[in-house]
Each structure stands twice: as C-alpha cells, then as structure tokens.
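Heads up: numbering here begins at 1 and tracks the sequence. This is a predicted model, so every value here is computed, not measured.
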Amino acid sequence: MNRYISSRNRNDIVTAHQAIIKGLSNDGGLYTIENITAHIDPSEVLHLSYQQTAEKILSAMLDDFTEDEMHACVTGAYDEKFDTAEIVPLKQIQEGWLMELWHGPTCAFKDIALTILPHLLTTSIHKDDKKEIISILTATSGDTGKAALEGFKNVPGTAITVFYPEVGVSSIQKKQMATTTGRNVDVIAVKGNFDDCQRMIKQATSDPLVLSSLDGVSISSANSINVGRLMPQIVYYYTSYAKLVESGAVACGDPVNFVVPTGNFGDILAGYFAKLLGLPVNRLICASNTNNVLTDFLNTGTYSIHRTFTPTTSPSMDILISSNLERLLFMASGYDDDFVSEMMKNLQKKGSYSVPKEIMAKITATFAGCWTDEDTCRKTIHDLFENEHVLIDPHTAVALAAKKKYEQETGDHTPSVILSTASPYKFTHDVLACIAGENMADDFAAMERLHALSGVKIPPSLAALKDMDVRFTRSIEIEDGMQVIADRMKEVGNVHD
C-alpha cells in the first residue's frame with residue numbers, strides 16, 4: 001500500500017485517505033507519496049472515457065480506496081455538472097493543442113479536482129468512522145475558492161471557509177464566491193495578497209488559539225497542498241495524450257511537452273506525477289506572469305520572494321510562495337526531510353533559499369520556466385482571436401506566449417499541449433479590451449458584447465451571477481486571521497452540536 005510521508009518529517013507516515021483528511025501534516029509539511037510503484041502505459045487508457053481513466057489512475061495513487069469506493073467517487077464527480085461528456089476537450093490551434101479545463105460548474109480547471117475531493121474526503125471520513133466535523137480552510141487567488149465552495153456546500157460533516165485577497169481577484173471571481181449558497185460555507189476577504197491568505201491557512205494548523213477552539217472539529221484543506229486535490233489533476237494529462245494518439249497527431253509512446261500556467265505549482269506537479277507513472281512527458285514548461293518567482297528559480301536554483309508583488313490580469317498566478325514546489329524538492333532530494341525543512345526555514349526567515357546543483361539538475365531535466373509580461377499577454381489574446389477566432393483567458397495566454405518563447409530559446413519543437421485553465425468569460429473585461437480595444441465597466445454588458453463579437457457561448461453559471469444576491473461582504477486585516485479562524489471553528493462546532 002502506498003505510504004504518504006511529510007516533506008518535513010519522513011517518520012510522519014499516513015495512508016492516502018488519512019492524508020486527504022489531514023491536508024497538512026502537523027509540522028506544516030506536505031504529504032507526499034513515498035514511491036510510485038505503479039506503471040500505467042498510455043496504451044492502457046486509449047479509447048477509455050474520462051471516468052474510466054480517472055478510476056484507473058486514482059486507484060493506483062490512492063490505493064487504500066476500494067474499487068467500489070473509487071467508482072462512486074469518480075461517477076459522483078464527473079457527471080452532468082460538466083457541459084461536455086468529454087470533461088476535458090482538446091482543441092487544436094496552430095501552435096499545438098489547448099487542453100480545455102474549464103467546462104465544469106465554475107468554469108475553471110479547479111473544478112476537475114474539487115468536484116471529486118468532497119467525495120474522496122467523505123469516503124475517507126467514513127473509512128475511519130470519524131465523528132468530528134471536517135472544517136475546510138482554503139486560500140484562493142481567484143478560482144479555487146468558488147470551485148471548493150461549490151464542491152463542499154451542504155456536504156454533511158463538513159464546513160468550508162474561503163479566504164481571498166480583497167484586491168487582486170477579478171470582479172466575476174469575487175461575485176462567484178460572494179453569492180455562493182449553502183448552509184456550511186463562509187467567504188472572507190483579506191487585506192493582503194494570496195500569499196498572506198495561504199500563510200494564514202498553514203499557520204492555523206499549529207496556532208494555539210485555533211487549536212484551543214477545535215472542540216469536535218478538525219481542520220483540513222481544499223488547496224493543492226491536499227493530496228486529494230492534487231492527484232485528480234494527473235488524469236487530464238493522460239486523457240489529453242490519449243486524444244492526441246487517437247487522432248493520429250502522435251504515435252503512442254512519442255514524447256509530448258505540456259505548458260502549464262501556474263502559481264502554486266500544483267497543476268504542473270500533477271504532470272510530473274503523470275510522467276513518473278509512465279506518461280511520455282518530454283518537458284513540463286512552467287509559465288509565469290510578471291510575478292516570475294518560479295521562472296527565476298528554475299533558471300538560477302535560487303528561490304527568492306524579495307521582489308515586487310504585481311497584480312496582473314492573470315490573478316490566479318499572482319503568487320510568490322509556491323507551496324507545491326516543496327513536494328518537488330522533497331522528491332528530487334531523495335526524500336531528504338532535513339534538507340526540505342532547512343529550505344523552508346530559510347524561506348520563512350530570510351525570504352529565499354538556494355538548491356544545490358545536483359538537485360537542480362534533476363529538476364531541470366524535466367522542468368523549464370518562461371515568463372510573460374502583460375503587454376505580451378494582451379497581444380497573445382488579440383492575435384489568437386484575430387488569426388484563428390479562438391478566445392482564451394489571460395492565464396492561457398501566459399502559457400501560449402511562454403510556449404513560443406521556450407521554443408525560440410531552445411529549438412525544442414516537440415508537440416505541445418497548452419493547459420487552458422479558465423473560461424475567457426471569467427475575465428471578460430480584460431479579454432474584450434484585448435480583442436476589441438473596448439473597456440466596459442459592467443461585466444455582464446461586457447459578456448454580451450464579447451459573445452456578440454465571438455459567437456462563443458456564455459457559460460450559464462456566469463450569466464446567472466448578474467441576478468444573484470451577494471451573501472458575503474466581510475473583510476479582515478491579516479493580523480486578525482487567527483482570531484477569525486478560531487471564532488469560525490467555534491461556530492462550526494456549535495452549529496453541529
């Protein structure tokens with residue numbers, strides 16, 4: 001059976017379902033699969049449905065779930081909530097293929113994992129016969145929040161609280177969160193950035209004030225620090241590769257590059273797990289926006305947050321502390337928990353750390369980094385629509401621009417799949433300005449205008465936001481975070497008494 005061990009204490013060993021319940025380890029480390037012994041050849045998933053592929057891959061990674069349990073989780077997640085039976089379609093463009101990850105209920109790639117995480121979590125709770133309420137604490141830079149809220153709302157035995165930066169998410173993202181229905185949900189803005197929100201969530205797992213408030217309540221997370229959120233993302237790398245083979249674009253076994261717009265490093269790390277499982281991944285190209293801390297790390301071996309934080313039109317990537325990179329450091333160092341602990345302490349105390357060359361060589365054998373400025377991002381959106389009549393959002397544009405830059409710098413023209421992570425209608429104002437030079441203050445008028453210009457259907461869930469009532473308007477200071485979380489934990493416990 002697979003063992004999951006803490007990146008900061010390899011003697012902290014749990015099974016997959018236990019890791020899903022806990023989220024973070026007690027020492028703040030990230031549970032990481034100790035060895036990937038399974039092998040899934042891409043030929044094994046040809047002509048399978050998304051659900052069949054998901055069952056095969058997730059059963060290999062989360063192997064303490066029974067066949068029936070995993071089948072129920074997968075079929076409960078990937079159903080009519082998605083607007084296509086494919087779940088993740090693949091669209092060909094001149095530069096390669098767009099992996100469209102935004103056909104779920106909140107129109108962003110987070111839906112793929114966050115529709116199944118509640119099923120995985122509740123199944124895990126039943127396996128352990130836990131009586132405590134699982135309180136999900138989630139930080140979001142825009143998309144995770146709404147996807148997690150939709151996934152967990154009214155799920156028995158759970159409560160969810162989402163923290164997001166007051167400035168930095170798009171107005172559509174903010175309204176998506178603020179209008180969420182459900183008895184067990186709360187949404188709180190923070191006067192800070194995503195890193196501040198994420199830091200609060202991690203601190204809460206060991207903060208004395210919060211711990212003293214946990215009467216009949218335990219804390220978990222819906223961020224990609226939770227393996228139940230991370231592992232489902234492996235699936236779409238396999239399904240997209242299978243589509244390429246089935247269409248004749250590549251022969252089974254031929255290498256493919258994947259270009260991933262990422263801030264917290266979870267989505268791209270799932271691609272690395274896919275490679276370790278047996279998918280012929282050549283390069284994973286880490287695409288960053290102006291907040292290019294990951295690109296600098298991959299190019300220099302030094303991770304430093306001593307830089308200006310810049311809000312951009314791709315807010316889900318406006319992150320300076322990429323949590324999932326810790327897992328990669330753990331694996332690349334041969335599961336050296338002392339090394340990882342030292343790196344994380346340096347990051348906390350000094351704001352930077354440097355990785356030895358031999359470890360970086362292991363990382364850069366697969367990963368490359370490129371970043372894109374705002375002008376290039378805007379031009380990429382404009383040119384793709386002008387030349388091919390294809391709409392993309394700013395995050396996808398960052399990846400497409402990074403793909404071109406990577407090929408120019410390396411001469412590597414391996415067939416490439418670009419992960420398209422959000423519907424362009426989640427960022428209507430910016431996309432409309434890019435393709436037509438029009439700035440409309442009203443997001444819903446802008447949606448109608450973008451639809452008229454493009455003919456691309458507005459997702460019903462986004463169109464419906466116009467007439468929905470705002471439920472959540474609270475905003476807090478960073479320093480009040482632990483008290484707010486402690487109060488929320490008491491509220492969750494009292495509600496379920």
Side-chain angles (χ1 to χ4, degrees), residues 1-42 44-45 51-74 77 112-113 116-130 134 220-238 265-279 281 323-337 340 362 366:
M1 183 174 292
N2 290 330
R3 306 198 319 171
Y4 285 78
I5 57 178
S6 168
S7 56
R8 302 184 194 182
N9 176 11
R10 59 179 302 146
N11 293 317
D12 182 352
I13 303 166
V14 296
T15 65
H17 86 271
Q18 291 169 337
I20 290 170
I21 292 172
K22 293 190 70 173
L24 274 175
S25 68
N26 293 335
D27 53 27
L30 277 63
Y31 285 115
T32 306
I33 189 168
E34 187 175 22
N35 289 297
I36 297 179
T37 56
H39 180 84
I40 300 176
D41 191 272
E44 297 178 47
V45 303
Q51 294 84 350
Q52 290 169 323
T53 303
E55 286 189 51
K56 179 181 285 287
I57 290 170
L58 293 178
S59 293
M61 302 300 281
L62 309 174
D63 62 349
D64 60 342
F65 286 74
T66 68
E67 184 177 329
D68 287 344
E69 286 170 341
M70 188 57 72
H71 178 74
C73 289
V74 168
I112 307 295
I116 194 171
L117 178 59
H119 296 278
L120 295 171
L121 180 60
T122 53
T123 302
S124 298
I125 293 169
H126 291 315
K127 288 170 81 70
D128 278 5
D129 196 28
K130 291 181 71 69
I134 305 296
S220 189
S221 175
N223 287 96
S224 55
I225 54 178
N226 191 314
V227 297
R229 160 77 187 280
L230 181 62
M231 296 306 174
Q233 296 175 277
I234 300 170
V235 178
Y236 45 71
Y237 284 91
Y238 267 87
F265 211 73
D267 206 8
I268 197 167
L269 187 64
Y272 186 60
F273 284 134
K275 179 174 182 173
L276 296 179
L277 264 177
L279 195 69
V281 176
S323 287
N324 273 287
L325 187 60
E326 181 173 342
R327 279 192 172 108
L328 182 61
L329 293 178
F330 190 38
M331 297 168 74
S333 65
Y335 298 89
D336 187 339
D337 50 355
V340 172
K362 294 179 182 179
T366 298

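- The CD1 atom of I33 sits 4.0 Å away from the CE atom of M61 when rounded to the nearest 0.5 Å.
- When all heavy atoms are compared, the tightest approach of Y238 to L279 is OH-N, 3.3 Å.
- When all heavy atoms are compared, the tightest approach of P42 to G278 is CD-O, 3.7 Å.
- In this structure, I134 and I21 have side chains that are in contact, with non-hydrogen atoms separated by less than 4.5 Å.
- Taking E44 as the reference, K56 meet the salt bridge (charged side-chain N to carboxylate O under 4.0 Å, His left out) condition, with sequence neighbours excluded.
- The side-chain heavy atoms of N2 and T15, taken from C-beta on, include no pair separated by under 4.5 Å.
- Of all the heavy atoms in S124 and L120, the pair that sits closest is OG-O, 2.7 Å.
- Considering only heavy atoms from C-beta on, E34 comes within 4.5 Å of R10 through its side chain.
- Contact check for D12 versus Y31: side-chain heavy atoms found under the 4.5 Å cut-off.
- The backbone N or O of A222 lies less than 3.5 Å from a partner atom in the side chain of R229, making a donor-acceptor pair.
- Screening I13, I5, N11 for a side-chain contact (heavy atoms from CB on, under 4.5 Å) with N9, the sole residue that qualifies is N11.
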Candidate pair I112 and V235, rule side-chain contact (heavy atoms from CB on, under 4.5 Å), full reasoning:
CA-CA 9 Å; I112 307 295; V235 178; over 6 Å; no

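- Remark: H126 NE2 to D129 CG distance equals 9.5 Å, nearest 0.5 Å.
- Using a 3.5 Å distance cut-off with no hydrogens or angles, the side chains of D27 and S6 do pair a donor with an acceptor.
- Residues that satisfy the ring pair (Phe, Tyr, Trp, His ring centres under 6.0 Å) test with Y237, not counting sequence neighbours, are F258.
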Report the C-alpha separation of V340 and E326 in whole Å, then their side-chain angles, then the decisive distance to 0.1 Å, and conclude whether the side-chain contact (heavy atoms from CB on, under 4.5 Å) test is met.
CA-CA 7 Å; V340 172; E326 181 173 342; 3.6 Å; yes

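- A distance of 7.0 Å separates CG in L117 from CD1 in I20, rounded to the nearest 0.5 Å.
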Would S220 and N226 count as a side-chain contact (heavy atoms from CB on, under 4.5 Å) if you check the C-alpha gap in whole Å, the side-chain angles of each, and the deciding distance to 0.1 Å?
CA-CA 8 Å; S220 189; N226 191 314; 3.4 Å; yes

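- The salt bridge (charged side-chain N to carboxylate O under 4.0 Å, His left out) search around D68 returns none, not counting sequence neighbours.
- Minimum interatomic distance between G266 and N324 (heavy atoms only, all atoms of both residues): CA-ND2, 3.4 Å.
- Of the inter-residue distances, the one linking L230 atom CG with N223 atom CG reads 11.5 Å to the nearest 0.5 angstrom.
- Closest non-hydrogen pair, V227 versus A19, comes out as CG2-CB, 3.7 Å.
- Considering CG of D63 and CE of M1, their distance stands at 5.5 Å, rounded to 0.5 Å.
- Between the side chains of Y4 and D64, not a single donor N or O lies within less than 3.5 Å of an accepting N or O.
- Taking the side chain as every heavy atom from C-beta outward, F65 and L58 never approach each other to under 4.5 Å.
- Across D336, L30, D337, a single residue satisfies side-chain contact (heavy atoms from CB on, under 4.5 Å) together with S7, and that is L30.
- Applying the ring pair (Phe, Tyr, Trp, His ring centres under 6.0 Å) test to F265 and every residue at least two apart in sequence or in another chain returns F367.
- Side-chain N/O atoms of N35 and T37 include no donor and acceptor closer than 3.5 Å.
- F273 is listed as a side-chain neighbour of L269, based on a closest heavy-atom distance under 4.5 Å.
- Residues satisfying the ring pair (Phe, Tyr, Trp, His ring centres under 6.0 Å) criterion with F330, sequence neighbours excluded, are Y335.
- The main-chain N or O of I225 is found under 3.5 Å from a side-chain atom of R327 such that the two form a donor-acceptor pair.
- Rounding to the nearest 0.5 Å places CD of Q52 at 10.0 Å from NE2 of H71.
- Looking at C73 and T123, their side chains come closer than 4.5 Å, going by heavy atoms from C-beta outward.
- For E69, the salt bridge (charged side-chain N to carboxylate O under 4.0 Å, His left out) partners are K127, not counting sequence neighbours.
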